[in-house]
Amino acid sequence: MTKLGKTAVMALSAIAASALASTAVSAATLAEIQESGSIRIAVANEIPYGYIDPVSGEAMGAGPDVAKHIAEELGVTNIEWITTDFSSLIPGLQADRFDMVAAEMAIIPTRCATVIYSEPNTSYGEGLLVPAGNPEGLTGYADFAENSDLTVAIMAGANQLDMMQALGVSEDQLVTISSNADAISTVSTGRADAYAATGLTASELAGQSDAVEVAEGFTDPVIDGTEQRSWGGFVFAQGNEELRDAVNEVLAEYKQTDEWLETVSGYGFTDADTSRSFDMSTAELCAE
């Protein structure tokens, strides 16, 4: 190729890159959402955090119910609910498939690097789903670090992976599943000795089948001297701080009401969960 030809190709490449940049997706702004009266909110079909009821088709959970109140206060009359795998929530925000996530996604530094969070809406501890009778006698995540013959299932994209790695659980002990719906069969058939999830998720799954149960006597993992507890919030694409700030303003007021407390408690969050949701700020959680 001649020098002139190379120059022409480079010029065309630059034009193409510029065109792609100019058409890059961006999340709907607060003004656009309020003008249209509609917002797209994603959930991961995880009870009790955010899910679509299979009978009524209504969005339910601690995230959606609080999001409904927030949307109303912001003058938004229509919510388009979108369900996706948990691991697709952040990519979906980045690709502008939705404007907000109401899955009570745990606020952790690795996620803070790619998306922005509201202040915490909820707080929750950990748990283990085990086969009926708990044949391995499991009581915590550290059991897998102490016994390399044990395997544990985790959901793709969930922060239980970070906890297992920090505890020294080896990669070949981990069984990745795409959703909570796969957890019961994974554990009951012996594909994994347990499923690591939040305590609320483990309890919900245990109630669906006699083949599994919640590990009794479970203790939350302690990493670097700190008990591991999650704080969940609403999630937005980077650059959409105006929408995040508006949500924060409504959320702060709502969390001072009995209505918020009744809403969250109605989904199984304990007194400790609700009171500790005030313990940490998003800034603190993102900086850990």
Side-chain angles (χ1 to χ4, degrees), residues 21-46 49-52 58-123 157 159 230-257 259-260 263-264 277-278 280-287:
S22 65
T23 58
V25 295
S26 58
T29 65
L30 173 63
E32 290 169 339
I33 289 169
Q34 290 179 316
E35 183 177 354
S36 68
S38 183
I39 186 170
R40 302 165 300 166
I41 303 181
V43 295
N45 256 352
E46 185 178 5
Y49 305 104
Y51 61 100
I52 304 299
E58 181 184 357
M60 300 181 69
D65 279 9
V66 174
K68 292 171 191 175
H69 172 83
I70 291 171
E72 183 179 357
E73 290 297 305
L74 293 178
V76 179
T77 56
N78 178 62
I79 299 176
E80 178 186 349
W81 295 102
I82 299 168
T83 58
T84 187
D85 288 341
F86 189 86
S87 60
S88 298
L89 290 172
I90 288 178
L93 275 175
Q94 295 170 326
D96 191 35
R97 289 196 290 271
F98 28 84
D99 307 307
M100 172 176 164
V101 169
E104 292 309 298
M105 180 180 278
I107 304 168
I108 57 177
T110 51
R111 293 174 184 159
C112 296
T114 57
V115 291
I116 56 176
Y117 279 91
S118 70
E119 289 301 314
N121 180 43
T122 59
S123 179
N159 63 325
S230 296
W231 280 262
F234 301 105
V235 198
F236 312 85
Q238 287 184 340
N240 214 356
E241 285 80 5
E242 190 175 13
L243 176 59
R244 186 272 315 274
D245 292 347
V247 167
N248 271 340
E249 185 175 348
V250 177
L251 179 61
E253 294 181 0
Y254 193 43
K255 286 188 69 175
Q256 300 300 321
T257 67
E259 183 181 345
W260 171 82
T263 295
V264 175
S277 71
F278 295 90
M280 299 286 286
S281 69
T282 294
E284 290 171 323
L285 292 165
C286 286

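In what follows, residues are counted from 1 in the order of the sequence shown. Here the structure is a predicted model, which is why all the values come from computation and not from measurement.
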Would you say the side-chain atoms of [X] pair up with the backbone N or O of [Y], donor to acceptor, closer than 3.5 Å?
X	Y	value
R111	A106	yes
R40	A28	no
S277	T122	no
S88	T84	no
E119	T282	yes
E32	T29	yes
Y117	G232	no

Exercise for the section: Evaluate the criterion side-chain hydrogen bond (donor to acceptor under 3.5 Å, both in side chains) for residue pair Y254 and E259; output intermediate values, then yes/no. Expected result: CA-CA 8 Å; Y254 193 43; E259 183 181 345; 3.0 Å; yes

Please examine the side chains of [Y] and [X], heavy atoms only from C-beta on, and report whether any two atoms are closer than 4.5 Å.
X	Y	value
E104	F234	yes
T83	Y51	no
P120	I107	yes
I52	W81	yes
M105	I90	yes
F98	L93	yes
R97	I82	no

Practice task
Check step by step if side chain to side chain contact (heavy atoms under 4.5 Å, CB included) holds for L251 and I70.
Solution key: CA-CA 7 Å; L251 179 61; I70 291 171; 4.3 Å; yes

Taking [atom1] in [X] as the centre, count heavy atoms belonging to other residues, nucleotides or ligands within less than 6.0 Å. Is the count above 12?
X	atom1	value
E249	CD	no
Q238	CD	yes
E35	CD	no

Roughly how far apart are [X] [atom1] and [Y] [atom2], rounded to 0.5 Å?
X	Y	atom1	atom2	result
E242	F236	CD	CZ	12.0 Å
M100	S118	CE	OG	7.0 Å
Q256	F278	CD	CZ	5.0 Å

Which heavy atom of [X] sits nearest a heavy atom of [Y], and at what distance?
X	Y	result
M280	E284	CA-OE1, 3.5 Å
P64	A102	CD-O, 3.5 Å
N240	D99	ND2-O, 4.4 Å
D65	M60	OD1-CA, 4.1 Å

Problem - For I39, the option from T77, N78, V76 that meets side chain to side chain contact (heavy atoms under 4.5 Å, CB included) - result: V76

Handout entry: Lys/Arg-Asp/Glu bridge criterion (N-O < 4.0 Å) met for E58, K68
Key = yes

Practice task
Any chance you could lay out the side chain to side chain contact (heavy atoms under 4.5 Å, CB included) test for I41 and E80, step after step, and finish with the verdict?
Solution key: CA-CA 6 Å; I41 303 181; E80 178 186 349; over 6 Å; no

Handout entry: Any donor-acceptor N or O pair under 3.5 Å, side chains W260, N121
Key = yes

Handout entry: S230 and N159: CA distance, side-chain angles, deciding distance, side chain to side chain contact (heavy atoms under 4.5 Å, CB included) verdict
Key = CA-CA 9 Å; S230 296; N159 63 325; 3.5 Å; yes

